[in-house]
Amino acid sequence: MKEQLTDILQQCIQALQSEGHLPADISPQIKLDRTRDKQHGDFATNLAMVLAKPAGKKPRELADLIVAHLPASDVVENVEIAGPGFINFYLKAAAQFEVVSQVLEQGNVFGRHQLGNGRRVQVEYVSANPTGPLHVGHGRGAAYGAVVANLLEAIGYQVHREYYVNDAGRQMGILAASVWLRYLELCGETFPFPVNGYKGDYVLDIAATLHRENGDRMFHAWSEVSKGLPADAPEGDKEEYIDAVIERMKTLLHPDQHRLVFDLGLNYILDDIRDDLAHFGVVYDEWYSEQSLVDNGAVMRAIERLQKSDHTYEKDGAIWFKSSAFGDEKDRVLVRDNGVTTYFASDVAYHMDKLERGFDRVIDIWGADHHGYVPRIKAALQALGDDPSKLDVLLVQFAILYRGGEKVQMSTRSGEFVTLRQLRKEVGSDAARFFYVMRKCEQHLDFDLDLAKSQSNDNPMYYIQYAHARVCSVFRQLNEKGFSFDQQNGQSNLDKLTESHEADVLTRLSRYPDVISNAGQNHEPHQLVHYLRELAQDFHTYYNAHQFIVDDAALRDARLCLITAVQTVIANGLALLGVSAPESM
RNA sequence: GCGCCCGUAGUUCAGCUGGAUAGAAUGUCGGAUUCCGAUUCCGGAGGUCGCAGGUUCGACUCCUGCCGGGCGCGCCA
């Protein structure tokens with residue numbers, strides 16, 4: 001519809017140019033919008049106001065010219081000029097009904113586009129360190145990332161979903177040490193647990209598995225382990241202490257044994273995360289290992305490339321990247337004075353690798369606390385001669401949970417936090433998905449647990465799902481009353497849909513494709529959420545105002561076509577959000 | 001101190017990439033209704049869009065400076 005009108009305007013401009021009313025050297029971007037107010041017709045364009053200056057005419061005068069030169073159209077009923085020079089289009093009634101047939105014919109692909117033209121885009125999300133279960137903060141990134149990926153796919157991109165597994169860093173060393181120490185406890189040792197160790201219950205579970213499968217094979221007496229170690233906090237430095245523990249563990253255990261403990265912890269937690277996300281409807285094409293970048297030399301290769309292009313220098317025994325030359329606030333260390341590469345070095349290699357894999361676009365979804373990290377990654381890409389504009393980093397703000405109007409405290413103290421799994425158990429995966437993407441990502445999210453759980457119209461997810469279930473219910477009633485639905489008959493009688501409520505639903509339905517392309521291109525799932533709520537509202541209002549199951553077969557079938565279209569669009573939208581569309585509630 | 005994000009109705013939020021009289025939901029006040037599924041419908045009140053400038057035919061939207069809130073500023077990951 002929009003395309004047809006844009007075409008008409010395009011032809012009109014060419015006509016005006018050939019007649020000399022408009023300069024020939026301009027090719028204006030035609031902006032045509034749905035009107036906000038019905039009094040302004042169905043579509044409106046500001047073309048006359050935009051072109052007034054280059055044309056050297058008054059906006060309204062130019063609007064007159066444009067309207068006079070508009071080619072005939074079988075969808076336009078009337079055109080009016082209003083306000084400072086808006087051109088408003090009123091569509092013919094038949095054109096309004098078209099959407100119903102479109103939805104019925106296209107079914108679950110209605111609303112999809114080919115805007116992406118099959119270009120390859122990689123979306124990386126969650127990528128939490130595998131050192132413990134996902135908490136509610138990760139949940140938002142998971143839901144948001146999954147929906148952004150779905151939306152991009154819906155507008156014609158070839159999407160690659162990826163989780164970056166930080167399996168190479170110091171944090172993993174701490175985890176392995178924590179597991180081993182808990183194991184020593186299970187072997188009967190008693191000693192103070194490191195202040196900086198991981199203290200969650202899951203560490204005990206992993207240690208128990210280790211003990212069950214290996215007995216006392218990896219046992220070393222605490223006196224042996226602790227011999228000559230620096231003091232832990234508060235007397236000493238907790239970082240220094242834990243590093244010393246990690247080193248001691250490596251000297252006491254055979255490398256194979258150490259590997260075993262390390263992998264047991266890593267795999268246990270990774271399996272847990274995978275399982276958690278799968279139940280949350282969040283899936284990946286690839287779990288990409290940081291360690292693999294170290295092993296296959298990609299990290300060294302990235303550093304060498306930076307060195308060769310003269311973007312590094314040595315200072316205090318470390319190798320630095322001159323990121324400040326590319327807008328970062330300071331330079332960053334790639335290789336520490338002890339010879340170990342930094343996490344940043346891995347990440348440079350990872351992003352280099354992403355672009356080498358040939359993605360046209362790369363999207364990283366990070367927690368907002370990582371925002372300071374963006375400039376240095378972009379700087380690195382630029383220094384490597386890649387195009388940093390191919391990388392979009394979307395920062396997701398924190399979610400704050402509320403229960404009974406009170407903020408739910410999320411303590412960072414020893415192992416106490418609200419996990420994603422706990423949240424899903426409390427409100428269900430559907431509600432969690434829905435509420436997480438209800439706000440744009442840069443907005444802080446107030447997550448109302450009571451509302452998410454409530455089975456009432458105040459709960460927007462319930463309200464939307466209920467609209468879907470209600471359509472299903474109408475069809476069940478239809479059968480009970482001995483009627484059957486003749487879709488063909490309905491489609492040929494759509495002109496019977498003359499009620500204002502029906503017009504509202506029709507208009508709303510026709511907006512769906514625009515909502516998808518907008519939400520997809522701007523990475524804004526919340527637009528879809530708001531749209532679905534509005535559609536549900538239009539439907540419920542319609543439902544309350546009119547009977548669908550009437551004796552007049554033509555009208556009945558037409559109305560059933562309309563509500564089937566509503567049902568389909570709601571199902572399509574919810575599917576993109578990763579929320580179920582129940583047939584009854 | 002520097003950087004990023006946010007600031008719109010009592011509350012939670014939209015505002016379609018600069019358009020027409022700033023909209024929903026919820027709460028509140030008034031009225032109607034009890035019908036395919038948890039009632040629903042109609043109406044009222046409620047706003048100096050944080051503040052002050054600037055850009056232009058036009059600014060909630062873009063720019064600058066303040067104010068307030070969140071987050072971040074490691075040879076951690």
Side-chain angles (χ1 to χ4, degrees), chain A residues 31 33-37 39-40 44-46 49-50 52-53 58-59 82-86 88 127-129 131 166 168-174 196 239 243 290 315-320 328-330 332-347 367-375 393 395-398 400 402 405 438-446 448 451 455-460 462-463 466 469-470 473-478 480-481 511 514-515 517-519 521-522 524 526-527 529-531 533-534 537 540-541 543-550 584-585:
Chain A
K31 196 166 172 301
D33 288 316
R34 285 265 171 196
T35 53
R36 217 175 286 186
D37 188 336
Q39 294 184 347
H40 301 136
T45 181
N46 61 355
M49 275 139 37
V50 177
K53 209 169 233 176
K58 287 178 187 161
F86 290 102
N88 297 332
S127 298
N129 282 347
T131 52
N166 298 128
R170 175 168 171 266
Q171 298 302 327
M172 288 307 298
I174 298 177
N196 213 21
E239 307 288 350
D243 282 338
E290 179 189 357
K315 195 182 90 182
D316 304 331
I319 299 176
W320 297 70
D328 195 8
E329 52 187 23
K330 58 199 277 193
R332 308 291 171 180
V333 172
L334 291 163
V335 184
R336 291 194 277 264
D337 57 4
N338 62 7
V340 178
T341 57
T342 58
Y343 171 84
F344 173 60
S346 294
D347 226 9
D369 51 339
H370 287 71
H371 67 81
Y373 208 74
V374 180
V393 181
L395 299 166
V396 180
Q397 296 291 330
F398 295 121
I400 301 161
Y402 286 85
M438 209 161 52
R439 305 281 176 247
K440 59 178 113 179
C441 68
E442 58 264 33
Q443 187 75 252
H444 289 263
L445 174 66
D446 288 340
D448 185 337
L451 184 61
Q455 301 268 303
S456 80
N457 292 345
D458 298 346
N459 178 348
Y462 177 88
Y463 190 69
Y466 184 40
R470 211 166 206 179
S473 169
V474 169
F475 278 93
R476 286 193 292 272
Q477 300 253 350
L478 184 75
E480 281 168 24
K481 291 190 175 176
R511 298 197 58 157
D514 280 352
V515 170
S517 59
N518 240 329
Q521 287 176 300
N522 298 319
E524 293 184 340
H526 76 279
Q527 289 196 29
V529 172
H530 284 276
Y531 169 84
R533 208 197 51 74
E534 287 162 352
Q537 182 172 35
H540 285 305
T541 305
Y543 178 95
N544 285 305
H546 301 283
Q547 286 278 328
F548 305 148
I549 305 174
V550 293
S584 65
M585 301 183 68

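Residue numbers start from 1 in every chain, and the chains themselves are labelled A, B, ... in the order their sequence lines are given, proteins ahead of strands. Quick note: numbers below take in every heavy atom, side chains included, and nothing from hydrogens, waters or symmetry partners. Since this is a predicted model, take the numbers as computed values, not measurements.
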Sugar-phosphate only, base, or nothing, as touched by A:K481 at under 4.0 Å among non-hydrogen atoms: nothing
Nucleotide B:A38, atom P - distance to CE of A:M585 in whole Å: 13 Å
A:N459 CG - B:U12 C1' separation (whole Å): 14 Å
Closest nucleotide among B:A14, B:A25, B:C36 to the A:H530 side chain: B:A14
Spacing of A:N457 atom CG relative to B:A24 atom P, expressed in whole Å: 18 Å
Selected nucleotide, minimal atom distance to A:Y466 side chain, candidates B:A38, B:U12, B:C16: B:A38
P-based separation of B:U64 from B:G46 [nearest Å]: 36 Å
Integer-rounded Å distance: B:A24 P and A:Y463 OH: 13 Å
Touch class at under 4.0 angstrom, heavy-atom based, for A:E442 against every strand present: sugar-phosphate
Earlier contact from the 5' end, RNA chain B, for A:S456 and A:R439: A:R439
Touch class at under 4.0 angstrom, heavy-atom based, for A:M438 against every strand present: nothing
First of A:R470 and A:K440 reached from the 5' end of RNA chain B, by closest nucleotide: A:K440
B:A20 base stacked by A:H40 (centroids within less than 5.5 Å, tilt under 30°): yes
Minimum-distance nucleotide (side-chain atoms of A:Q443 versus B:G7, B:G19, B:G37): B:G7
Sugar-phosphate, base or nothing in reach of A:D458, heavy atoms under 4.0 Å: sugar-phosphate
Close side-chain approach of A:F86 to A:T35, heavy-atom, < 4.5 Å: no
Touch class at under 4.0 angstrom, heavy-atom based, for A:N88 against every strand present: base
A:D448 CG to B:G27 P, straight-line distance once rounded to whole Å: 13 Å
Per-nucleotide protein contact string for nucleotides 67-77 of chain B (B base, S sugar-phosphate only, - none; heavy atom under 4.0 Å): ---SBSSSBBB
Proximity to the side chain of A:F548 - top-ranked nucleotide from B:A20, B:U40, B:C36: B:C36
Length of the line joining A:Y543:OH and B:U34:P, which is rounded to integer Å: 16 Å
Interatomic distance, A:Q527 CD vs B:G23 P [rounded to whole Å]: 19 Å
Sugar-phosphate only, base, or nothing, as touched by A:E534 at under 4.0 Å among non-hydrogen atoms: nothing
A:Q171 to A:T131 - nearest heavy-atom pair and separation: O-CG2, 3.8 Å
Sugar-phosphate only, base, or nothing, as touched by A:A44 at under 4.0 Å among non-hydrogen atoms: base
A:Y462 OH to B:U26 P, straight-line distance once rounded to whole Å: 14 Å
Polar side-chain contact A:D33-B:A20 base: donor and acceptor under 3.5 Å: no
A:E239 versus A:N196, side-chain donor and acceptor atoms under 3.5 Å: yes
Touch class at under 4.0 angstrom, heavy-atom based, for A:A82 against every strand present: base
Residue A:P84, side-chain atoms from C-beta onward, closest of B:A38, B:G19, B:C36: B:G19
P spacing across the pair B:C4 / B:C63, given as an integer number of angstrom: 11 Å
